[in-house]
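In this text, all values refer to a predicted model and were calculated from it rather than measured experimentally. When reading the values below, keep in mind they use all heavy atoms of this one structure, side chains included, and skip hydrogens, waters and symmetry mates. For ligands, and for the atoms within them, numbers begin at 1 and follow the listed sequence.
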Amino acid sequence: MRSGEGADLLLRSASVLDPVAGIDGPHDIVVRGGVVAELAPPGSADSERMEVVEAEGLHAFPAFFDPHVHLRVPGQEHKEDIETGTRSAAAGGYCGVLAMANTDPPVSTPADVEALRESARQSASVPVGFLATVTRGMEGEELTEMAAIRAAGAIGFSDDGLPIRSARVLRRALQYQRLCGGTLALHEEDPELSADGVMHEGSASASLGLAGIPSVSESTMIARDAALAGYEEGRIHVQHLSAAASVDAVRGAKEAGVRISCEATPHHLCLTDEAVRSLDPWRFKMNPPLRSEADREALIEGLRDGTIDCIATDHAPHAAEEKEVPFEQAAMGVTGLETAFAAIHTDLVLSGVLELGLVVERMAGGAEPFGIERPTLTPGSEANIAICDLEAEWTVGAEGYESRSLNSWCADRTLTGRVLMTIAGGQVAYRLRSFSLGVAP
Ligand SMILES: [Zn+2]
Ligand SMILES: [Zn+2]
């Protein structure tokens, strides 16, 4: 993240909600030098020489943390880069993201990681952690120099975009992990089963005549990898869970004592394969695919009971020419950083499916699986705060995007709930243009 002054400001009379810290109620939040200095009774904190944000009627949450984004650097800067991707994250209320390594070329060496970290120091709006690939060039054969890559500052390892096809290779990676640490983040898919599928295998794919990707393509690989992690006592994080059987597999592994965590995306929590009947690849083509209503309900149950640790966007920017083609040929992936909270708030909180506190907790839950401290509003902590207006309605894309790409799964939808301001790493990372600040005399 770009270096700058720690923020000094007073968030006046905000509704503060930090379920993990047990904070729920109106407070003045005093941020001094980029640190949460004090939570005071509303209207009581001294505002002298402080920038004052009138936050009455607004909510202050611990800022969100996304363990799964694609910043497309190096090699695909026409889709996204560190500057636009982290601006997009800041606009979504995030105070940190983890960038995937399936770039062009993939991030596979200590020098690759060092170059990215340097670049983030120049241009990132929020702190970025980088993962490196598990296998050289993501070819699935030879391991990268995991220990040297960790020493260069990689947070963990992932071949995301592709599964690790070989159990032998994953087993060796788990053995190396014992020496060097770093969570292994796994894109779970059996390529023999997903083959050339373009959407979920179910009644919608049958009536559209499109090749399907069955749920077992994901769940069987999770079962295999959880068994390997248990056997080697490794630490794995399962990415973008999409199917009911996958939730069951993770739940069973957790009960058996495997060191496993997992994430689900807003689009898998809010949509089903019925949306694919529109044949709109911009919004509804991604991997893993949108699945059935029963799968979606199982993901929600997994969030509720703690099987699913966190919400992650799998923010995957793509260029227009990869999406302006027939559904079968279009690239897989959607963007999600700017809309994650608002979409879940609109579709799942306002409808009474999920509690606001649970959503706030899981939106920041992606830090701990990677050994990063969870954002909190506890006094004494670095300021990582998302200020939201839960009543604001806005149309996604109407004012453009911070992201360089347009493939938002929420494009043109009107959502309720908006991030007005984000403080990340102690600095003001984002302010909605129309959100003005009152400055104390
Ligand atoms: Zn993936
Ligand atoms: Zn991904």
Side-chain angles (χ1 to χ4, degrees), residues 65-73 75-76 79-80 82 85-86 88-89 92 94 97-104 106-107 116 128-135 138 140 154-165 170 183-191 193-195 197-200 213 215 217-222 225 236-243 246 249-250 261-269 284-291 295 299 308 310-319 322-323 330-337 339-340 366 369-370 403 405 407-409:
F65 187 95
D66 195 339
H68 190 162
V69 305
H70 296 270
L71 297 181
R72 303 302 191 205
V73 184
Q76 296 180 315
K79 299 182 182 186
E80 199 77 289
I82 291 175
T86 59
S88 191
Y94 289 90
V97 297
L98 298 184
M100 293 301 120
N102 62 335
T103 50
D104 184 17
V107 180
L116 284 168
V128 187
F130 293 94
L131 277 73
T133 60
V134 179
T135 68
M138 290 178 65
I155 295 289
F157 301 91
S158 181
D159 276 7
D160 180 44
L162 296 174
I164 296 174
R165 182 189 282 256
L170 180 61
T183 299
L184 290 173
L186 301 172
H187 167 123
E188 298 290 27
E189 170 183 358
D190 182 339
L193 293 173
S194 51
V198 297
M199 67 176 292
H200 172 61
I213 301 172
S215 317
S217 164
E218 179 177 277
S219 58
T220 56
M221 285 292 268
I222 294 173
D225 293 352
I236 61 171
H237 176 77
V238 178
Q239 300 179 297
H240 45 49
L241 232 65
S242 68
S246 302
V250 172
S261 55
C262 69
E263 66 191 33
T265 72
H267 49 274
H268 288 110
L269 290 164
F284 306 130
K285 186 172 179 189
M286 66 287 283
N287 190 21
L290 300 173
R291 298 205 184 269
D295 291 311
L299 293 178
I308 298 175
C310 57
I311 296 168
T313 63
D314 193 9
H315 177 83
H318 282 295
E322 294 167 296
K323 286 289 194 181
M332 288 168 151
V334 289
T335 60
L337 284 167
T339 56
F370 291 86
S403 169
S405 290
N407 55 312
S408 164
W409 68 273

message = Could you work out, with salt bridge (charged side-chain N to carboxylate O under 4.0 Å, His left out) as the rule, every residue matching K285, not counting sequence neighbours?
response = none
request  = Applying side chain to side chain contact (heavy atoms under 4.5 Å, CB included), name anything that partners P369, two or more places apart in sequence or on another chain.
outcome  = R235, H237, S261
query = Does a donor on one side chain sit under 3.5 Å from an acceptor on the other, for D295 and H268?
reply = no
note = Heavy-atom nearest pair, H70 first then E80, reads O-CG, 4.4 Å
inquiry  = So, using ring pair (Phe, Tyr, Trp, His ring centres under 6.0 Å) as the criterion, who are the partners of H240 when residues are at least two apart?
reply    = H68, H187
request  = Hey, could you give me the OG1/CG distance between T135 and L162, rounded to the nearest 0.5 Å?
outcome  = 8.0 Å
task = Give every protein N, O or S atom lying under 2.8 Å from the Zn ion (ligand 1), naming each by residue and atom.
result = D160 OD1, H187 ND1, H240 NE2
